[in-house]
Structure formats: C-alpha cells, structure tokens
Amino acid sequence: MSKTSHGCGRFVPRPISRREMLSNCALGFGSVALATLLHEDYVRAAGAGIAPGGVLSGLHHPATAKSVIFLYMDGGPSQIDTFDYKPLLEKYHGQNPQKVLGKVEPTQFDSNGNMLASPWKFKQHGDSGHWISDLFPHVAEVADELAIVKSMTSNFSEHTSANYFLHTGNGLQGRPSMGSWVTYGLGSECQNLPGFITIDGGLIPPGGLDNFNSGFLPATYQSSIFKPQGAGVANAQPLERSPELQDRKRNLIRTLDQGLLGQLGPNDAVESAIANYELAARMQAAVPDLMGLKGETDATKKLYGLDAEFPQTRTFGTECLLARRMVERGVRFVELTCPASGGDRWDQHSGLKEGHTKNCLAVDQPIAGLLRDLKSRGLLDSTLVVWAGEFGRTPFAQGSDGRDHNPFGFTIWMAGGGAKRGVSYGATDDFGYKAVEGRQQIYDLHATMLYFLGVDHTKLTYRFSGRDMRLTDVHGELIQPLIG
C-alpha cells in the first residue's frame, strides 16, 4: 500500500498496482529463495559430513583428515642438515663444488664457496629408520609418525615468489592461499572462530599478508591473524558497558548493513563484511577462552615447552598448543609462522650453525609435543600436520659458513590425517643438491593435502577472469607413497 493525500495534511493508504508490488517485493522474494537454498545446502552438507559454508555439497572421496596444521619454516631449512643424510659431503668437504657436482646452477647471490659438510651428526630413529640429525632430538622420538618427502622442488629461488608459490600455487601476488581454498571448499566446523587462522609468531614472511589472503575468492575465506600471547586479536573484549548496549549496537549495524545490501543487490564485499562482523561478535565470547588455555594441565604445557628457558621455544610452543585447541574446536586450517630468533628465520647465508641451532631450539620440542598431544587425544588421525619451508639450501657454502637458496631438491614431511606413517619417499643426489628420484612439485604437495581432506584438486574450482581457477592450476599429481 502507498499513501495518497486527501487535503488537510492527512494521508490514507491507497492500493498499489501489481507492477509496484513486484518491484517493491523483488528483494524480499530473493531473500526467501536464498534462505531456502542455504537451508538445502546446510542439509546436504550435514549429510555429507561437511560443515555449512563450503561450496562442496559432498566430498569427492572419503576423507581421512578434517583439518590441517601447517608448520611453516620461513626462510628455507637446510635439508642436508636436518632430514636428508649425505655422508659423501664429509668426504668432499672443502672441495670445489664445480669439480664435485659437475655443474653449479646460478644461486640467489652467486657467492659460492666450497662443499660444506653438515656440522651435525645423523642417526636412524624408530622402526622406520628415518635419518634425522641431532638438531631435532625431540622430533626424532616421534620419527615413526612422519611421512617424509626428500625430493620436493620449487619453481622459484627468491623468498617472496617462493613463498607465494608454496602458499598459493603461483609465484605472483594476488592468488588465494591454500587455507582459503580449503575453507572455500569445505567451510568450517567452528561457528565462533574463523575457519582459516594464521598464528603470527613474530616473523611475517617475505610477501607479507598476501601469503594468507583469499585473492579472488570471497573475502570471508581470508586468514585471520592471531598473536600467540595476550588477547590474541584486537578488541577481543567488548568495549560496551553492558551486553544490552552491545546488542543494540550490533542490531543497528546489522540493520544498516542489510539496508545497504538491499540497495546494492548481491555484493561480495558487503556480504563478506556482514559475515565478518557477525563472526567477530561471536569471537568475543570464544577467543578469551581459547587464549586463556583454560583446562590445560601443567604437564601439557611442559610437553609443548612452555616452561623452556629459550623464549622462542615458549613462543612456538604456545603456537602449537593454540593450534591443537583450534582444531579441537573445529577450525579447518591453521598456519604457524616462526618466532623471531635473531631475525634471521631459517635463512642462514652465513652463521649456519648458530642460526639453525636457534631455529631448531625454537621449534623442535613444540612440534614433537604437538604430535604427541594430538595422538593422545585421538586427534592425529583426523589432523594433517605439514612441515615445510619454501625451498632448501645448497650443499656448498655461501662464503665460508652459510648456505644459499636451493629450489632443486629439499625435504618436507607430513604426519597424521591419513598420511602413511614411517614412510620415506624420493631422493636427492649423493650431495643433497637436486632431486633425482620421485621428483615432486609444490602442486603435488597441494594436491595430496586436498586429497587427505576428501577433495579432488581438479574439481575444486572458482570461475575468475574467464576460466576455472584452482589451487594447482593445470598441474598436480598425488604423492601416492604417502597415501595409506
């Protein structure tokens, strides 16, 4: 009904035409239809074991993992000093690399020194017989949980491009992070926390926050950045004097947002903002409990190294404990970044022994504690833990006591989530320089991670710029020996 003046300043309703009615109610009809579709999507997702919010109405195949914890080793750990034992390096230590290797590829800085043996000792551990250096004494104790790939390669030898490639499957800025792809496809099982969280231990990697961005996917799938101390995120505590005042403000914002959306029609930016505001309100109840480590025993905290003398161990230990608490609450993808230990990441172009010793001291006990804790709680089978840097290091020195970037062959490992326990796959040459057996690419890593989550990487796509985009682009093969 509309109003018609009858003089004396009075207005009375008049009937409206069919055309006016349809025009005024169009958005309402759309909202009803949308609500119905969302309800149907919820029912389909629940029946398939997928939380609402993902685009997949059912898994492509049975999943072995429900969530991912990505242990990102920023800077490029040296494979030949950690998990890829090369005894011939000792024999040829100090010799000219061109005479030993035949050909040396251009490196990031081209200040190549002589062949450099590892300053650490290697031993075999567990029933698997994994070779692990004494840099990782705690991880060595859980060696049989690891599925190690010693033949990973990257397309880039510079940090920023290699970071983008590792995180997004493309060496250029602007693509969705793998955590964004996972939450886009599967949604989240947690309604009070983001589905994709990055815990910033103090070192945001080269390339910045675009490593964790949603790119061309809707903004609701980008990562939320948490700190491993204090409140975790800004404004976790309400600023209003009372819950009633906060509710009134929230209702006003919701009304204004919906009014704008009604004027604009479907709009990703506005819809994502509304969804993020609503999530932020729910987070104010969930985050303090999460960050307060309520219910954690002293024994559990000690397991993660929260009582360690080295402060970076305490930082990364808190990250790992928070990651367990997040996947326990249904967060789909958690990435951990390295704590600042001298500001050098794993990027030791000089001072290899001191730098790698500090880096391992920071992460070794927390990682082992995470694997033990997940297993004791029955969560390791459903949580895929991935350890990787953006590339490895050269078997010859940069200067006298460092190693340059090496994308031609390096080591990553997985644990839990369906990855085959105790397997070692692929190989580099006798000096750990280039992959020579079972050569793998980052695309293959992404394809395999999605596989454990029940997703066929070739079918998880998003239409953008005139074609169907995917995390693995037109590449990617499963690393079959890792699949149990």
Side-chain angles (χ1 to χ4, degrees), residues 71-87 89-90 93-94 108-109 113-125 130-143 146 148 150 159 201-203 205 228 302-320 336-371 387-406 410-413 431-432:
L71 307 172
Y72 170 53
M73 300 293 107
D74 182 6
S78 170
Q79 70 283 359
I80 46 186
D81 295 304
T82 52
F83 298 99
D84 195 6
Y85 179 42
K86 297 299 176 182
L89 277 176
E90 298 175 15
H93 176 74
Q108 184 70 18
F109 293 98
N114 293 326
M115 300 296 290
L116 181 63
S118 177
W120 294 280
K121 300 298 182 182
F122 278 76
K123 292 181 182 178
Q124 288 182 287
H125 294 272
H130 282 322
W131 287 97
I132 301 175
S133 84
D134 54 19
L135 271 174
F136 281 101
H138 293 279
V139 171
E141 294 176 356
V142 293
L146 309 185
I148 301 178
K150 298 181 179 179
H159 288 296
L203 292 175
K302 185 175 181 179
L303 180 67
Y304 283 87
L306 268 61
D307 63 340
E309 182 178 349
F310 191 52
Q312 283 75 21
T313 307
R314 299 196 297 270
T315 298
F316 200 73
T318 303
E319 290 186 60
C320 287
L336 311 186
T337 69
C338 291
S341 53
D344 50 11
R345 300 177 169 86
W346 289 85
D347 193 29
Q348 275 79 53
H349 293 275
S350 62
L352 172 70
K353 187 167 184 179
E354 179 184 3
H356 265 44
T357 296
K358 286 183 177 179
N359 292 131
C360 285
L361 186 59
V363 305
D364 175 42
Q365 182 180 352
I367 290 173
L370 172 65
L371 296 181
W387 183 94
E390 65 267 39
F391 40 56
R393 316 301 294 191
T394 57
F396 43 86
Q398 179 178 346
S400 61
D401 63 347
R403 298 192 190 277
D404 209 340
H405 306 171
N406 177 21
F410 59 99
T411 297
I412 65 99
W413 57 256
F431 303 96

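Here the structure is a predicted model, which means the values were calculated and not measured.
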Handout entry: Heavy-atom check, side chain of Lys86 versus side chain of Pro395, under 4.5 Å
Key = no

Practice task
Give the C-alpha distance, both sets of side-chain angles, the deciding distance and a yes or no for side chain to side chain contact (heavy atoms under 4.5 Å, CB included) between Leu370 and Phe316.
Solution key: CA-CA 11 Å; Leu370 172 65; Phe316 200 73; over 6 Å; no

Handout entry: Note, Leu135 side chain near Asp364 side chain (heavy atom, < 4.5 Å)
Key = no

Handout entry: Main-chain N/O of Gly201 paired to Thr315 side chain as donor or acceptor, under 3.5 Å
Key = no

Practice task
Output yes when a side-chain donor or acceptor of Gln398 lies under 3.5 Å from a complementary backbone atom of Gly113, and no otherwise.
Solution key: no

Handout entry: Carboxylate-amine/guanidinium proximity below 4.0 Å for Arg393 and Asp81
Key = no

Exercise for the section: Can you run down the salt bridge (Lys or Arg N to Asp or Glu O under 4.0 Å) pairs that involve residues 133-143, sequence neighbours left out, and say none if there aren't any? Expected result: Glu141-Arg372

Practice task
Please name the pair of heavy atoms, one in Gln365 and one in Lys302, separated by the smallest distance, quoted to 0.1 Å.
Solution key: NE2-O, 3.1 Å

Problem - Least distance between heavy atoms, Trp387 atom then Ile367 atom - result: CD1-CD1, 3.7 Å

Practice task
Give a yes or no on this: more than 12 heavy atoms of other residues, nucleotides or ligands lie within 6.0 Å of atom CD of Glu354.
Solution key: no

Problem - Within-4.5 Å side-chain heavy-atom neighbours: Trp120 and Thr357 - result: yes

Practice task
Classify the side-chain pair Asp74/His159 by whether it contains a donor and acceptor separated by less than 3.5 Å.
Solution key: no

Practice task
In sequence, state the C-alpha distance, the side-chain angles, and the governing distance for Arg403 and Leu116, and then conclude on side chain to side chain contact (heavy atoms under 4.5 Å, CB included).
Solution key: CA-CA 8 Å; Arg403 298 192 190 277; Leu116 181 63; 3.6 Å; yes

Fill in the blank from the handout: Smallest heavy-atom separation, Gln312 atom then Pro339 atom, equals O-CG, 3.7 Å

Exercise for the section: For the residue pair Asp404 and His349, establish whether any side-chain heavy-atom pair is separated by less than 4.5 Å. Expected result: yes

Practice task
Report yes or no: does Asn406 contribute a side-chain atom to a donor-acceptor pair with the main-chain N or O of Phe391 at less than 3.5 Å?
Solution key: no

Practice task
Answer whether the closest heavy-atom distance between the side chains of Trp346 and Val363 falls below 4.5 Å.
Solution key: yes

Problem - Atom of Cys320, atom of Leu336 and distance for their closest heavy-atom approach - result: SG-CD1, 3.7 Å

Handout entry: Residues Phe410, Gln79; criterion side chain to side chain contact (heavy atoms under 4.5 Å, CB included); working and verdict
Key = CA-CA 5 Å; Phe410 59 99; Gln79 70 283 359; 3.9 Å; yes

Problem - Trp131 side chain near Ile148 side chain, heavy-atom distance below 4.5 Å - result: no

Practice task
Please step through side chain to side chain contact (heavy atoms under 4.5 Å, CB included) for the pair Val139 and Leu146, ending with a clear verdict.
Solution key: CA-CA 9 Å; Val139 171; Leu146 309 185; 3.9 Å; yes

Exercise for the section: Look at the side chain of Gln348 and the backbone N and O of Gly75, then say whether any donor-acceptor pair between them is shorter than 3.5 Å. Expected result: no

Exercise for the section: Please name the pair of heavy atoms, one in His93 and one in Ala117, separated by the smallest distance, quoted to 0.1 Å. Expected result: ND1-N, 3.0 Å

Problem - Ring centre gap for Phe83 and Phe136 strictly below 6.0 Å - result: yes

Exercise for the section: Write down the atom of Pro119, the atom of Lys353, and the distance for their closest heavy-atom approach. Expected result: CB-CD, 4.2 Å

